[in-house]
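Following: one structure in structure tokens, then a few remarks.
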2 protein chains.
Amino acid sequence: MTQKQKLPLDRILKGDCIELMNSLPENSVDMIFADPPYNMQLSGELRRPDDSFVDAVTDHWDQFDSFEAYDTFTRAWLAAAKRVLKDNGTLWVIGSYHNIFRVGASLQDLGYWILNDVIWRKTNPMPNFRGTRFTNAHETLIWCSKGPEARNLTFNYDALKVMNDDVQMRSDWHLPICSGGERLKVEGEKAHTTQKPESLLYRILTAASNPGDVILDPFFGTGTTGAVARKLGRHFIGLEREEKYISVALERIRKVRQLPADDLEFTRSKRQEPRIPFGSVVERGLLSAGQILFDSRKRYKAKVRADGSLVASDVTGSIHKVGAQLQGASSCNGWTFWHFDAEGKSVAIDVLRQQVRAEMN
Amino acid sequence: MTQKQKLPLDRILKGDCIELMNSLPENSVDMIFADPPYNMQLSGELRRPDDSFVDAVTDHWDQFDSFEAYDTFTRAWLAAAKRVLKDNGTLWVIGSYHNIFRVGASLQDLGYWILNDVIWRKTNPMPNFRGTRFTNAHETLIWCSKGPEARNLTFNYDALKVMNDDVQMRSDWHLPICSGGERLKVEGEKAHTTQKPESLLYRILTAASNPGDVILDPFFGTGTTGAVARKLGRHFIGLEREEKYISVALERIRKVRQLPADDLEFTRSKRQEPRIPFGSVVERGLLSAGQILFDSRKRYKAKVRADGSLVASDVTGSIHKVGAQLQGASSCNGWTFWHFDAEGKSVAIDVLRQQVRAEMN
DNA sequence: TCCGGCATTGAATCCGGGT
DNA sequence: AACCCGGATTCAATGCCGG
């Protein structure tokens, strides 16, 4: 039984998220999305980690107490989340100015490493009715890894670039709030006060997870994370205390159909493709020893040797190293730098690599 | 000698900002803008895809040994800032994800009250050259008062609305970075690695200060705050440790001309306009006692009394209170709720208030 | 004088696998 | 753990130069 099979995949667990996370195996989930309580000032109430109420705030000490209580709660769930997250996994947290600064500082204190803060710009925020502030038109997300040394994080850079008209995706996202038919209702009332739009989760899961990955949401609510995960062919684990949210979420997710596998395919990065040594191009006879290569502007040239190294005037080495040295650059991608003559046309040797890759499939 | 006259207006003080702030009189400045070190933690060098070198911020003043050291520094200057700030003054801090969460949490711990977080969306940010993150395309500003009880804060709501094509100004601002002719140079090199654009300060000062106000900047650098303050007819006090920045700032500000007073007149927020009691409308004869007022749909009516109160069936009180009680609402803006008959047409009494205001100028 | 092309630059926590 | 090395990776604005 693999680690993944031990997980309660695609289920909602009822209870306290800290206890539930501690009951899951460590280093087991690929990504966490968390939409924790935003804090007291708005709701007028704050619960301690043991679920007791903090008394009304009437003086400075009480106020300090309540921030402290919120911090204690925050650090507890962040620590539990770090334990269940894989070493190459990432965590997303969303919040507003009421709580996000405390969450961010706690993250850093616990050793998490911030990768980006992302701004969700609302296309249709609620105006400031009294004209005393700027329209509160955004919320903040923090995206982080388990530490500065974490490697092999999932970030589908090229998929997002394509989504964004072939320009690198920025840290500010312009998306509508959850309303209309998407907004879940129970007897005419909204089922959850802070339901997030599916478009937001769609972008997060596309960016930072792959099909088949396990996504944990410790504040599951009415299950936006689960619905989008299912649609995108990811597994989810939802943690939620309130039965009323769980029942709505179950019903909601039941209706979701996973997109056809074909449609789940996305633009992969070159980094993920198998490495082809230049030597194998020579080995297979796609280029022969003695052949002359040159750069696109024909300023430099070099000769191919039998072992797949190049020789230029006074330099010898790999296609990359020779390219770099000739240009006086610190590095060089030899595959795109060097060209050969094919029926009068200058062609980058990268096409030969693609040929080898094609033969390997 | 007034408190304001005791201040070193329109000057730059050289030295440690905490000591200097402690030497200023308490409750004396109207607004503070702070651009503290971000405590960026860089490792190694970064090159663009074209192999050119990225000249990053490696200044000694941005280096701290630990988060704890940074927090200690942050709390110290925030506490000193709170002392010199007037009780109705506000503080702005700018930062990136490296430091802003720590700053925000410290602010809250010290009793500051966050009014908004504002996102500066850069039109032309530096891209992520390695394709490993989202473009870091924004910075975060926190705007806060000295506490939740602070009153009479300066917020020029209508000026910003006009600036924003008559739509309420949002919490996300789209502005270019400082470049081109605006970027200060010394012998061809940038004078300061983190010079902020004047447009950013322009908007901040327009929003949260008035002509004649005193603006303190404890991390003055090359003086963007001072230059914009002077242009907009505000006073500045700059604190700066490094002589090399001070000399550049002095020269820069010397060249700035204040805008003509006429151009400084902006649409003043209604909130700040002199309050007009309904009684003065009666007093001036714009309405006379005994006159009948009604709401736009003529469901309710009330009679004006000599003292400016209204009488309805069984309610007596201000135009606001009577309007609210008749509707069974908790509040009501009497100025727009109540109408009178002017030559057969129904007109809101607010036009009378505007008439009074016009006469007062 | 204008236009097109090329170079420069900006608060950056910017790779991964193998030896 | 430190080093080595293959090879993947950029957007908007400004300014300079040549035609």
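Chain identifiers are assigned alphabetically (A, B, ...) following the order of the sequence lines, protein sequences preceding nucleic acid strands; residue numbering begins at 1 within each chain. No hydrogens, no waters, no symmetry mates; every other heavy atom, side chains included, goes into these values.
Distance check on atom C1': D:dG7 versus C:dG10 gives 26 Å, rounded to whole Å. Taking the C1' atoms as reference points, D:dA1 lies 16 Å from C:dG16, given to the whole Å. Separating the P atom of C:dG18 from that of D:dA8 is a span of 16 Å, rounded to the nearest Å. Atom name C1', nucleotides C:dA12 and D:dC4: the rounded distance is 24 Å, in whole Å.
Contacts of B:Pro36 with the nucleic acid, taken as non-hydrogen atoms under 4.0 Å apart, include base atoms. A:Tyr157 comes within contact range of the sugar-phosphate backbone alone, with a heavy-atom separation under 4.0 Å but no base atom that close. If you check every strand for non-hydrogen atoms under 4.0 Å, B:Thr135 touches nothing. Within the 4.0 angstrom heavy-atom criterion, base atoms lie near B:Asp35. Across all strands, A:Ile276 comes closer than 4.0 Å only to sugar-phosphate atoms, never to a base (heavy-atom distances). B:Glu182 comes within 4.0 angstrom of nothing in the nucleic acid, heavy atoms only. When heavy atoms are screened at a 4.0 angstrom cut-off, B:Gly44 is found touching base atoms of the nucleic acid. In this structure, A:Arg170 reaches neither bases nor backbone, as no heavy-atom distance under 4.0 Å exists between it and the strands shown. B:Thr194 comes within 4.0 angstrom of a nucleotide base, judged by non-hydrogen atoms across all strands. Within 4.0 Å of A:Ile114, counting heavy atoms only, lies at least one base atom of the nucleic acid. Backbone-only engagement by A:Asn152 is indicated by non-hydrogen atom pairs under 4.0 Å involving sugar-phosphate atoms exclusively.
Counting heavy atoms from C-beta on, the side chains of B:Phe134 and B:Asn136 never come closer than 4.5 Å.
Listed candidates were D:dT14, D:dC5, D:dG7. Nearest to the side chain of A:Lys321 is D:dC5. Comparing D:dA8, C:dG10, D:dT14 by their nearest atom to the side chain of B:Ile177 picks out C:dG10. Ranking C:dA12, C:dG10, D:dG7 by closeness to the B:His98 side chain, first place goes to C:dA12. In the set D:dC11, C:dG10, C:dA11, the nucleotide with an atom closest to the side chain of A:Val167 is D:dC11. Considering only the side chain of B:Arg183, C:dA11 comes nearest among D:dT9, C:dA11, C:dA12.
Between the P atom of D:dC4 and the NE2 atom of A:His320 lies a distance of 17 Å, rounded to the nearest Å. As a whole-Å value, the separation of A:Gln272 CD from C:dG17 C1' is 15 Å. Nucleotide C:dC15 holds its P atom 13 Å from the CD atom of A:Glu149, rounded to whole Å.
Contact check, A:Lys161 against D:dT10: a side-chain N or O comes under 4.0 Å of OP1 or OP2. Not one side-chain nitrogen or oxygen of A:Arg151 sits closer than 4.0 Å to the OP1 or OP2 atom of C:dC14.
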- Note on the structure: Annotated structure of DNA chain C as dot-bracket, pair cut-off 3.5 Å, Watson-Crick or G-U only, | for inter-strand, is .|||||||||....|||||
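Using cut-offs of 30° and 60° on the angle between ring planes, the pair B:Phe236 and B:Phe220 is parallel. Ring geometry for A:Tyr300 against A:Phe337 counts as tilted: the plane angle lies between 30° and 60°, on a 0 to 90° scale.
Between B:Phe33 and B:Ile204, the shortest heavy-atom distance links the atoms CE1-CD1, 3.7 Å.
Dense packing is recorded around CD of A:Glu359, with more than 12 heavy atoms of other residues, nucleotides or ligands lying under 6.0 Å away.
Side-chain N or O atoms of B:Thr135 include none that pairs as donor or acceptor with a backbone N or O of B:Ala137 at under 3.5 Å.
Checked by distance alone, B:Arg48 brings a side-chain donor or acceptor within 3.5 Å of a matching partner on the base of C:dG10. If you check distances only, the side chain of B:Lys196 does reach the base of C:dA11 with a donor-acceptor pair under 3.5 Å. For A:Ser331 against D:dA8, a side-chain N or O and a base N or O form a donor-acceptor pair under 3.5 Å.
Residue order along DNA chain C, read from the 5' end via each residue's closest nucleotide, puts B:Lys185 first among B:Lys185 and A:Ala150. Each of B:Asn136 and B:Pro125 lies near DNA chain C, and the nucleotide nearest B:Pro125 is the one positioned closer to the 5' end.
A cation-pi arrangement is absent between B:Arg75 and B:Phe73 under the rule of less than 6.0 angstrom and at most 45 degrees off the ring axis.
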